[in-house]
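Notes follow once the structure below has been shown.
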Amino acid sequence: MAEKTKRNNMFQNAFIVYKAMFKRYPTAIPLVLIYIVISVSLPFINTLIPAMAIKGITSGSVKIFLNYIGITVFCMCLFSGIKLFCEKKMQLKHTYNRVGTFMMGFIKKAINTDYLNIEPQPKQKIMGKAVQGVNSDGEGAEGVSKESLQFLVVVLGILSYGTVIFMLDWKILAVMFAMFFFDILIRNHAIKFGDNNRESFSEPWRKMNYYERNSMNISAGKDIRIFGLKKLFAHHYDKQIQIYKRFRHKYQLKWYYPTLSDTAFNILRDLLAYSLLIHKVLSGQIGAAEFTVYIGLVASFSEWIYDVSWNIGNLREDSHQFNEYLDFMKQKDVFEHNEDGSAVEGAEPAVVEPVETTRINGPAPSIEFRNVSFTYEGSDKPVLTNVSFKISADEKIALVGNNGAGKTTIVKLLCGLYPPTSGNILIDGKNINDIGIEKYQDMISVLFQDTSPIAISVAENIAGCEVAEADKERMEDCLKKAGLYEKIQALPKKEKSYITQTLDPEGIVLSGGETQKLLLAKAMYKDGPMLILDEPTSALDPIAESKIYEEYNSMAENKTAIFISHRLASTKFCNRILFLDGGQIIEEGSHEELMKKGGRYKEIFDIQSHYYREGKNEE
């Protein structure tokens, strides 16, 4: 069971956000101070305009009237201009701070954290809620930034204006504070409802985002059109909208009650304030100008009171969303990472000391699975059970078996994407964490069956660096060996051409076979001492497959290689075959040895024998 983390309150989150802003933008400090002073002062200046007008009129002098009005209006215009300037400057800093600090922190965490923190469905939900805390200018991190600043303005306004009203009559202040506390109580009920049903917000959005992405996906677009999935697609999308609308309606009803209470208290406040002030005017205690000022102060104070209860509700909501982001950022890594790219204030990862290793791209390593079992998060059914095998340095192994046997899971474990649930994976006798996950993964060249190239240039995909930093000669050699060189050279921008047209309208769209050739060139370029090929020929025709297997055999020279395939033709290049079934290795040996055993391997090989008859006759 996952450890429940203690969450920050809204003030702690406001401190985190502003600490990051002031560190990133020191000029924000005077802007914030000026904005606070101006924002508190402006309502008072606004109440002075009618009061000064009355005072000027009752003076009987046009000059005095014009002076009073001129000075007051000038101050109001000056203060309003300064406030607007500060707001515009602060708006940019609110947004840049969210994007540059927290959104960037999310991206770095997502690409640096253990794969087990992003792939399983429960972790996908955590990510979905976390990104909502940083991807909007009105919610989450930026909402905390804006609302906490406004909260400070409102509190200072209440203290300053409340003092004046208390001196006028404490009963008006009592009614207003009663209104405030009752409003907070009712709003708190609405906020708790939102907290307890937060997933009801995020899940429909996550699913709608999935449908939105797939509506623009080229591959999905073919199925949608050919198989008539348009109505079904629209139905599922609309279904999520309706689910969200129904919950949103319930949520909005919870916020309807504070509005009713505000209306009732406002009526009581106005009756009391006007009665007291009119009595003071009639009794000669105050004049008409003072009456106008006090009425303005009462109205402004009432607005501060209303704003603070509303502001606290918004700030708590934004703070909860920001906490979802922090929850994701605080997720622990099982593997020890030397890279600290995901650090963010309030979500510090554990400090990891760099671990020395004797190999990055050195000699081929030996591999040992020792009683390895694995169960995916959220499942109680093991995918692998007590799997043990050894692969010698420079040995070529074929890992075969039916769908669901656990082959791809072994690949994930070998690549350091997941740690085993129990047991050990040893590389040259060392645990992966003793090597260091980044250094270990530097040793691996892998070709996954379900990987698509990133929408960047061909060169960047292959070399994993900027075009100017790539070894062009080496890259071209890899493209030639993969059988994609002529295709790339025929393009106007050659290796600088972008993959897909997502980021470049002149980008190229590769076929399935061409994509696998590109990924093969990528694996060749890295040239790690461990080679892992997961279903590498699934999109190729038999002729291309035979040629590619020859290239794989050449690639695997002086490397420890693991071939995973449904097509048993891959076994002829391998020293040994491991046959996996039901999460366990049930047969092991060479092709000839397994055929003689007459077990499951022979049974599947016989079913696929039409693929191999020609090669067998040649032998």
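Quick note: numbers below take in every heavy atom, side chains included, and nothing from hydrogens, waters or symmetry partners. Count residues from 1 along the sequence.
- The pair Asp527-Arg474 does not count as a salt bridge, with every side-chain nitrogen at least 4.0 angstrom from each carboxylate oxygen.
- Counting only N and O atoms by type, the side chains of Glu142 and Ser136 include no donor and acceptor under 3.5 Å apart.
- Partners of Phe106 by ring pair (Phe, Tyr, Trp, His ring centres under 6.0 Å), not counting sequence neighbours, listed by chain and number: Phe328.
- Surrounding NZ of Lys89 are at most 12 heavy atoms belonging to other residues, nucleotides or ligands under 6.0 Å away.
- The heavy-atom pair separating Val446 from Ala523 by the smallest distance is O-CB, 4.3 Å.
- One finds the NZ atom of Lys129 at 9.5 Å from the CD atom of Gln132 (value rounded to the nearest 0.5 Å).
- Every residue meeting the side chain to side chain contact (heavy atoms under 4.5 Å, CB included) condition with Leu510, not counting sequence neighbours, appears here in chain and number order: Lys487, Ile499, Ile508, Glu514, Thr515, Leu518.
- When the side chain to side chain contact (heavy atoms under 4.5 Å, CB included) test is applied to Ser41, the partners found at least two apart in sequence or on another chain are Val37, Phe79.
- Shortest non-hydrogen contact noted between Asp442 and Lys526 is O-CE, 3.4 Å.
- Side-chain contact between Tyr18 and Val144: absent, with no pair of heavy atoms (C-beta onward) separated by less than 4.5 Å.
- Atom CG in Asn117 sits 11.5 Å away from atom CG in Asn112 (nearest 0.5 Å).
- The 12-atom threshold is exceeded at CD of Gln124, counting heavy atoms of other residues, nucleotides or ligands nearer than 6.0 Å.
- With rounding to the nearest 0.5 Å, the separation of CE in Met475 from CG in Asn461 is 11.0 Å.
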- For Asp327 and Arg7, run side-chain contact (heavy atoms from CB on, under 4.5 Å): C-alpha distance rounded to whole Å, both residues' side-chain angles, the deciding distance at 0.1 Å, then the answer. CA-CA 8 Å; Asp327 285 347; Arg7 289 190 149 198; 2.5 Å; yes
- Kindly determine whether Lys207 and Lys239 satisfy side-chain contact (heavy atoms from CB on, under 4.5 Å), including the steps that lead there. CA-CA 10 Å; Lys207 292 175 180 177; Lys239 182 180 177 182; over 6 Å; no
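- Note that CG of Asn97 and NZ of Lys23 are 11.5 Å apart. Values are rounded to the nearest 0.5 Å.
- When side chains are defined from C-beta on, Met103 counts as touching Val131, because their heavy atoms get closer than 4.5 Å.
- Heavy atoms only, all atoms of each residue included: Ser319 and Asn8 are closest at OG-O, 4.3 Å.
- Using a 4.5 Å cut-off on side-chain heavy atoms (C-beta onward), Tyr418 and Pro120 make contact.
- Counting non-hydrogen atoms of other residues, nucleotides and ligands closer than 6.0 Å to CG of Leu159 gives a total above 12.
- When the ring pair (Phe, Tyr, Trp, His ring centres under 6.0 Å) test is applied to Phe151, the partners found at least two apart in sequence or on another chain are Phe11.
- Between the CD1 atom in Ile38 and the CG atom in Leu42 there is a gap of 6.5 Å [rounded to 0.5 Å].
- With sequence neighbours excluded, no residue forms a ring pair (Phe, Tyr, Trp, His ring centres under 6.0 Å) with Tyr96.
- For residues 148-160, every residue pair satisfying the side chain to side chain donor-acceptor pair (under 3.5 Å) rule, not counting sequence neighbours, is listed here: Tyr35-Gln150.
- The two residues Thr101 and Tyr325 have their closest heavy-atom pair at O-OH, 4.4 Å.
- Here the straight-line distance linking atom SG of Cys465 with atom OH of Tyr525 works out to 5.0 Å at 0.5 Å rounding.
- Judged purely by atom type and a 3.5 angstrom limit, Thr113 has no side-chain atom pairing as donor or acceptor with the backbone of Ala110.
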